[in-house]
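Worksheet for the structure shown next.
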Amino acid sequence: MKAEIVSETKSHGGRQLVVRHASKACSCDMSFSIFLPPQAERGSALPVVWYLSGLTCTQANVTEKGEYRAACAELGLIFIAPDTSPRGDHIADVEAYDFGKGAGFYVDATVEPWSHNYRMWTYVTEELPALVAAEFPVDMGRQGITCHSMGGHGAIRVALKFPERFRSISAFAPIVAPSEVGWGQKALAGYLGADERSWRRHDCVALIEDGARVKDILVDVGTADQFLETELRPELLERACRDSGIALTLRRQQGYDHSYYFISTFMADHMRWHSERLS
């Protein structure tokens with residue numbers, strides 16, 4: 001799993017890299033971006049914040065629009081953004097923005113033809129962390145995770161599965177109950193099959209109802225988000241956290257939508273949230 005640096009740019013005293021490697025999990029080349037703040041030059045391992053992106057995105061969206069580098073340089077945080085799905089001409093796809101390429105939903109597909117390449121759960125929880133730990137100055141004992149939209153389904157679920165691994169969790173406009181909404185139902189049925197019982201372990205709200213626990217979560221949603229009532233349903237996470245004793249900070253940001261204008265506005269807040277918990 002040798003990492004190949006595709007591009008390198010200096011920013012805020014640090015290094016913004018795009019890295020490509022051959023993925024065994026996804027049976028194709030995969031790319032991710034990693035920002036190494038100036039503190040990385042001193043040789044000591046630094047805390048890391050993982051970012052899981054939303055529908056249609058690659059790692060480029062947050063890398064170019066997320067405005068995280070100034071805060072990460074100030075706080076000494078490494079920031080890593082993987083792609084959302086396998087890529088390549090040989091990868092199965094359909095003509096839909098919410099399924100197939102750009103819409104991996106961070107699950108290991110069990111239904112053909114998706115099961116050969118769409119193994120994003122294994123990729124983001126096993127393969128990519130192992131590569132990063134071997135190649136970059138990351139303190140794997142101090143990990144946080146954040147996300148947007150479809151990535152919210154992935155990141156919160158990852159943190160609930162591995163609470164000992166992640167000290168901090170935050171989300172921008174996350175899908176919190178995919179088995180209850182259209183985007184999630186389409187993806188879970190397509191990748192995992194029609195048996196809804198198999199969907200439950202991929203649903204953040206259901207996992208909390210079934211006993212999964214983390215200490216606290218920060219979530220921002222925009223009140224002008226066009227997907228708020230139909231696909232995101234933050235009130236379901238709010239109820240599950242209240243009933244389970246998880247400290248949820250849910251901020252409804254007046255007038256903001258689902259875009260990176262919203263994400264970039266509050267990104268520094270989220271980086272400080274993570275830094276406080278990873279210090």
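Note that the numbering runs from 1 along the sequence shown for the chain. Only heavy atoms go into these numbers, but all of them, side chains included; no hydrogens, no water, no symmetry mates.
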Is it true that a side-chain atom of H116 and a backbone atom of C26 form a donor plus acceptor pair closer than 3.5 Å? no
Does one hydrophobic cluster hold both I169 and V176, with members joined at side-chain heavy-atom distances below 4.5 Å? yes
Considering residues, nucleotides and ligands other than E112, do more than 12 of their heavy atoms fall under 6.0 Å from its CD? yes
Check the angle between the aromatic planes of Y191 and F105 and answer parallel, tilted or perpendicular using the 30° and 60° thresholds. tilted
Worked check of side-chain contact (heavy atoms from CB on, under 4.5 Å) between C28 and R87: CA-CA 7 Å; C28 65; R87 304 282 175 176; 5.6 Å; no
Checking L128 against F32 for the side-chain contact (heavy atoms from CB on, under 4.5 Å) test, could you report, in this order, the C-alpha distance in whole Å, the side-chain angles of both residues, the deciding distance, and whether it holds? CA-CA 9 Å; L128 184 56; F32 64 95; 3.6 Å; yes
So NZ of K65 and CD of E67: to nearest 0.5 Å the spacing works out to 11.5 Å
Answer with yes or no whether the hydrophobic clustering places I80 together with I145; edges join I, L, V, M, F, W, Y residues whose side-chain heavy atoms lie under 4.5 Å apart. yes
Charged N-O contact under 4.0 Å between E235 and R233: yes
Identify whether NZ of Lys or CZ of Arg in R119 sits under 6.0 Å from the centre of the six-membered ring of W114 and within 45° of that ring's axis. no
Intermediate values then yes/no, salt bridge (charged side-chain N to carboxylate O under 4.0 Å, His left out), D98 and K186: CA-CA 8 Å; D98 56 354; K186 179 177 181 178; 2.7 Å; yes
Side-chain heavy atoms under 4.5 angstrom apart, residues restricted to Ile, Leu, Val, Met, Phe, Trp, Tyr: same cluster for M120 and I175? yes
Closer than 3.5 angstrom, by distance alone: can the side chain of K101 be matched with the main-chain N or O of G88 as a donor-acceptor pair? yes
Are L250 and I156 connected in a single hydrophobic cluster, I mean Ile/Leu/Val/Met/Phe/Trp/Tyr linked by side-chain heavy atoms less than 4.5 Å apart? yes
SB check E74 R272 (cutoff 4.0 Å): yes
Is it the case that the ring center of H202 lies less than 6.0 angstrom away from the ring center of H153? no
Taking all atoms of both residues into account, what is the closest heavy-atom pair of A133 and M140, and its distance? CB-CG, 3.9 Å
Could you state the interatomic distance from CD (E126) to CG (L131), rounded to the nearest 0.5 Å? 13.5 Å
In terms of heavy-atom contacts, does CD of E95 have more than 12 from other residues, nucleotides or ligands at under 6.0 Å? no
Assess whether side-chain hydrogen bond (donor to acceptor under 3.5 Å, both in side chains) is satisfied between Q253 and T223, documenting all intermediate values. CA-CA 6 Å; Q253 303 291 1; T223 60; over 6 Å; no
Judged by atom type as modelled, is there a donor-acceptor pair below 3.5 Å linking the side chain of D203 to the main-chain atoms of S179? yes
Nearest heavy atoms of Y51 and P82, plus distance in Å: O-CD, 3.2 Å
Which pairs of donor and acceptor atoms, one on a side chain in residues 34-50, lie under 3.5 Å apart (sequence neighbours left out)?
unit_1 : atom_1 : unit_2 : atom_2 : d
Q39    : NE2    : A73    : O      : 2.8
W50    : NE1    : Q143   : OE1    : 2.9

Is E229 atom CD crowded by more than 12 heavy atoms from other residues, nucleotides or ligands, each under 6.0 Å away? no
Under the criterion side-chain contact (heavy atoms from CB on, under 4.5 Å), I'd like the reasoning laid out for T63 against F79: C-alpha separation, chi angles, the key distance, then a yes or no. CA-CA 9 Å; T63 305; F79 188 99; over 6 Å; no
With no hydrogens and no angle check, do the side chains of S53 and Q59 hold a donor and an acceptor under 3.5 Å apart? no
Kindly compute the distance separating CD1 (I91) from OG (S85), expressed to the nearest 0.5 Å. 8.5 Å
For a quick test of your reading: what N or O donor-acceptor pairs under 3.5 Å do the side chains of residues 208-219 make, sequence neighbours left out?
unit_1 : atom_1 : unit_2 : atom_2 : d
E209   : OE1    : R200   : NH2    : 3.1
D210   : OD1    : R200   : NE     : 3.3
D210   : OD1    : R200   : NH2    : 3.2
D210   : OD2    : R200   : NE     : 2.8
R213   : NE     : S244   : O      : 3.4
R213   : NH1    : I208   : O      : 2.8
D216   : OD2    : R277   : NE     : 3.1
D216   : OD2    : R277   : NH2    : 3.3

Backbone N or O of T125 within a donor-acceptor pair of the R165 side chain at under 3.5 Å? yes
Determine, stepwise, if the pair D108 / T122 fulfils side-chain hydrogen bond (donor to acceptor under 3.5 Å, both in side chains). CA-CA 7 Å; D108 281 356; T122 296; 2.5 Å; yes
Closest non-hydrogen atom pair, C57 against D83: O-OD1, 3.5 Å
Anything under 3.5 Å between a donor and an acceptor, one on a side chain of residues 262-270, the other on a protein residue two or more places apart or in another chain? List them.
unit_1 : atom_1 : unit_2 : atom_2 : d
S264   : OG     : Y260   : O      : 2.8
S264   : OG     : Y261   : O      : 3.3
T265   : OG1    : Y261   : O      : 2.6
D269   : OD2    : R251   : NH2    : 3.3
H270   : ND1    : S170   : OG     : 2.8
H270   : NE2    : D220   : OD2    : 2.8

Run the numbers on E8 and Q16 for side-chain contact (heavy atoms from CB on, under 4.5 Å), then give the verdict. CA-CA 6 Å; E8 177 175 344; Q16 177 65 66; over 6 Å; no
Would you say the side-chain atoms of S149 pair up with the backbone N or O of G151, donor to acceptor, closer than 3.5 Å? no
